[in-house]
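All values below come from the heavy atoms of this structure, side chains included, with hydrogens, waters and symmetry mates left out.
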Amino acid sequence: MDLGTDLVNSLLIHLGVTALLLWPAHRLVIRAGLPRRWPLWLALPLLGPVIFLVLLAKTPWPVLPVRQPKMHPRERLKRERAAAQAAASE
C-alpha cells in the first residue's frame, strides 16, 4: 500500500471515531454549562482530542446550586411532625 491510501484510511478512521465521540461530548458540555462549540475540537486530527480534554480539565466549571435531598413522603411527614412538636413544646 502506498502513502496516499494509508493517509485516506487513517483519516476515514478518524472521521468515524470523531462521529462517535461528538454526541457524548456535546451532551457533556451542555450539562456542564460550558461553550457548545468545544466538541468541534475533536474533528482536528491528532491534537483535537488532546485540546478538548485540556479545555475540560483546565477551565473552571460553573457552580451549580445544591440539590435538595429527595425524601420519601413518609420521611418528610415524619420530619414535619417532629419539627411541629418541637415548636409546640417551646
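When hydrophobic residues (I, L, V, M, F, W, Y) are linked wherever their side-chain heavy atoms come within less than 4.5 Å, the members clustered with V8 are L12. L46 belongs to no hydrophobic cluster, as no Ile, Leu, Val, Met, Phe, Trp or Tyr side chain comes under 4.5 Å of its own. Through chains of ILVMFWY side-chain contacts below 4.5 Å, L11 is grouped with L7.
Applying the side chain to side chain donor-acceptor pair (under 3.5 Å) test to every pair with at least one member in residues 37-55, sequence neighbours left out, gives no pairs at all.
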Donor-acceptor pairs under 3.5 angstrom involving side-chain atoms of residues 14-34: please list them, not counting sequence neighbours.
residue	atom	partner	partner atom	Å
H14	NE2	T18	OG1	3.4
H14	NE2	A43	O	3.1
T18	OG1	H14	O	2.8
T18	OG1	L42	O	3.4

Exercise answer: donor-acceptor pairs, residues 66-84 side-chain atoms, under 3.5 Å, sequence neighbours excluded:
residue	atom	partner	partner atom	Å
H72	ND1	R74	N	3.1
E75	OE2	R79	NE	3.0

Which donor-acceptor pairs under 3.5 Å do side chains of residues 52-59 form with protein atoms, sequence neighbours excluded?
residue	atom	partner	partner atom	Å
T59	OG1	L55	O	2.8

